[in-house]
A.B. asks: 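My questions all concern the structure below.
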Amino acid sequence: MNDFIDDTLGDLALFVRVVNAGGFTAAARLTGTPQPTISRRIAQLEARIGLKLLHRSTRSISITGSGRRVYDHAVTMIAAGEAAASAALAMRTEISGLVRITAPVVLGRYLVSPIVREALSTHPDLRLDVEWTTRRVDLLHDGVDVAVRIGRPTESDAMLTRLGHARRRIFAPPSWSAPDPSVPADLDGAPVVGLGPSTEAPPLVLRSDDQRATVRPDWRMAANDGDLVLDLAESCGYLAILPDFLPPPDWRVLLPDWETRHEINAITAPGRVSVPKIRYVIDCLRARAATQGGEEHTVFTRLETP
C-alpha cells in the first residue's frame, strides 16, 4: 500500500503538469523530464488506478471525465503539499521555541541576563531556559543549546563562536593594609581570592600591552560567587582578582596597566548554530559583548570574529 501511494503521488503531480501544459511535449519542457518518460508514467498511473485519464491523438490530448475528477483532487493534493513545505520553511526561519543556555554565574549575569528581556519581548514565541553553572555540561546529553564558557570547548566536534576576552584585574578592598605592589613580582606570595573553579590554580599570567608577567600569589579561595569573593577579601584584607564591573566604587585597582585575559566563547552542538533561534541568541550575545568593549568598566578587552 505504501509503495502504491508513493508511486501514485508523484505521478499525479506529473499528470497535473501535463494537463496544465496542454500536452506531453510542453510538460517535458517545463519539468526537464523526457517526453517518453512522461508518457510512460501517465500510462502506468492509468493502469495502477484502473481509469483512463487522457484521450490521446497524434496531435493533442484531452482530459476524460474521470480524469477531470482525478485532476481536481490532485490539484488539491499539490496545494496541500506546497502549504506543508511552506510551513516547514517558516519553522526553519522563525525565531520560536525553547533555547537552553548555561553560563558561569558572574559571566551569565553580566553577559546573558541583559539580552533576556529584549529577546523575549521581540520574539513572543521564544522560550529561554537559563542555568548558571560552572559544571562542564554535555551539550547533547543535557540538551543544552548554547553554553557560554571561559576557554575553549573540550568536545572535539563542538561549534565555537568567539565572544571576546574576559579581563580581570587586581583589586584591593578598603581593608587592605599592606604596601601596594609596584610591579607584578610584588604579588608573589600575596594572599588573594578570586573567581574560579579551584584554588589549585596555575600561576597567574598578567599582561600589559605586549608584556607578560607570571606571578605566584597565595590563593586562599576561589569561588564562582562574586559576592562571596568580595566578602572574604573585605573581611580578611586579601586582594581580589575580579572583572572590572564587580568591585564596589571604594575598591582600588592595583597595577592598573596589568590584567589577565581569558577567551569567552559560545559553544553549540554540531549543526545547531544554523538553527534560527540559536543563531539569534548567539548574535545577541555577540552584540552585548561588542557594546561593552569600549566602556571604562568592562569585562571585554578584545573581540574577535569567528
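Numbering of residues begins at 1 and proceeds along the displayed sequence.
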A.B. asks: Rounded to the nearest 0.5 Å, what separation is found between the NZ atom of Lys52 and the OG atom of Ser66?
C.D. replies: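 Between atom NZ of Lys52 and atom OG of Ser66 there are 11.0 Å.
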A.B. asks: Any Lys/Arg nitrogen of Arg162 or Glu263 sitting under 4.0 Å from an Asp/Glu carboxylate oxygen of the other?
C.D. replies: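 Glu263 and Arg162: salt-bridged.
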A.B. asks: Take Asp186 and Ser182 through the side-chain hydrogen bond (donor to acceptor under 3.5 Å, both in side chains) test and state the conclusion after the steps.
C.D. replies: CA-CA 7 Å; Asp186 293 340; Ser182 57; 3.0 Å; yes
A.B. asks: Going from OG1 on Thr214 to CG on Leu187, what distance comes out if it is rounded to the nearest 0.5 angstrom?
C.D. replies: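 Thr214 atom OG1 to Leu187 atom CG measures 12.0 Å (nearest 0.5 Å).
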A.B. asks: Holding to side-chain contact (heavy atoms from CB on, under 4.5 Å), I want the full list of residues that pass it with Val105, two or more places apart in sequence or in another chain.
C.D. replies: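 Partners of Val105 under the side-chain contact (heavy atoms from CB on, under 4.5 Å) test: Arg109, Trp132, Asn224.
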A.B. asks: Going by the rule side-chain hydrogen bond (donor to acceptor under 3.5 Å, both in side chains), which residues pair with Tyr71 if we only count those two or more places apart in sequence or in a different chain?
C.D. replies: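 Testing Tyr71 for side-chain hydrogen bond (donor to acceptor under 3.5 Å, both in side chains), a comparison that skips the adjacent residues, returns Asn20.
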A.B. asks: Hey, could you give me the CG/CZ distance between Leu54 and Arg68, rounded to the nearest 0.5 Å?
C.D. replies: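 One gets 10.5 Å once the value is rounded to the nearest 0.5 Å.
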A.B. asks: At what distance, to the nearest 0.5 angstrom, does CZ of Arg288 lie from CG of Asp283?
C.D. replies: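 Going from CZ on Arg288 over to CG on Asp283, the span is 16.0 Å.
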A.B. asks: Tell me whether the count of non-hydrogen atoms from other residues, nucleotides or ligands lying under 6.0 Å of CZ in Arg69 goes above 12.
C.D. replies: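 Open.
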A.B. asks: Do the charged groups of Glu259 and Arg167 touch, with an N to O distance under 4.0 Å?
C.D. replies: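 The answer is yes: the pair qualifies as a salt bridge.
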A.B. asks: Hey, could you give me the SG/CG distance between Cys284 and Leu111, rounded to the nearest 0.5 Å?
C.D. replies: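 So the gap between those two atoms works out to 10.5 Å.
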A.B. asks: Give a yes or no on whether Arg17 atom CZ has more than 12 heavy-atom contacts from other residues, nucleotides or ligands under 6.0 Å away.
C.D. replies: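 No, because the 6.0 Å sphere around CZ of Arg17 holds 12 heavy atoms or fewer from other groups.
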A.B. asks: Using the rule that Ile, Leu, Val, Met, Phe, Trp and Tyr join whenever any side-chain heavy atoms are under 4.5 Å apart, tell me whether Ile78 and Leu30 fall into a single cluster.
C.D. replies: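 Ile78 and Leu30: separate clusters.
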A.B. asks: Between Asp11 and Arg48 (salt bridge meaning N to carboxylate O under 4.0 Å), is one present in this structure?
C.D. replies: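 A salt bridge is present here (some side-chain N lies under 4.0 Å from a carboxylate O).
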A.B. asks: Between Glu46 and Arg56, does at least one N-O distance fall below 4.0 Å, as a salt bridge requires?
C.D. replies: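 Salt bridge between Glu46 and Arg56, a charged N being under 4.0 Å from a carboxylate O: yes.
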A.B. asks: Around atom CG of Asp209, are there more than 12 heavy atoms of other residues, nucleotides or ligands at under 6.0 Å?
C.D. replies: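 Counting neighbours around CG of Asp209, 12 or fewer heavy atoms of other residues, nucleotides or ligands fall under 6.0 Å, so no.
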A.B. asks: Identify whether the distance between the nearest side-chain nitrogen and carboxylate oxygen of Asp180 and Arg252 falls below 4.0 Å.
C.D. replies: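 Yes.
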A.B. asks: For Gln35, is the CD atom crowded, meaning more than 12 foreign heavy atoms sit under 6.0 Å from it?
C.D. replies: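 Enclosed: over 12 neighbouring heavy atoms sit under 6.0 Å from CD of Gln35.
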A.B. asks: Test your reading of the model: is there a side-chain donor-acceptor pair from Arg127 to the backbone of Arg100, 3.5 Å cut-off?
C.D. replies: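 Between the backbone of Arg100 and the side chain of Arg127 there is no qualifying donor-acceptor contact (under 3.5 Å).
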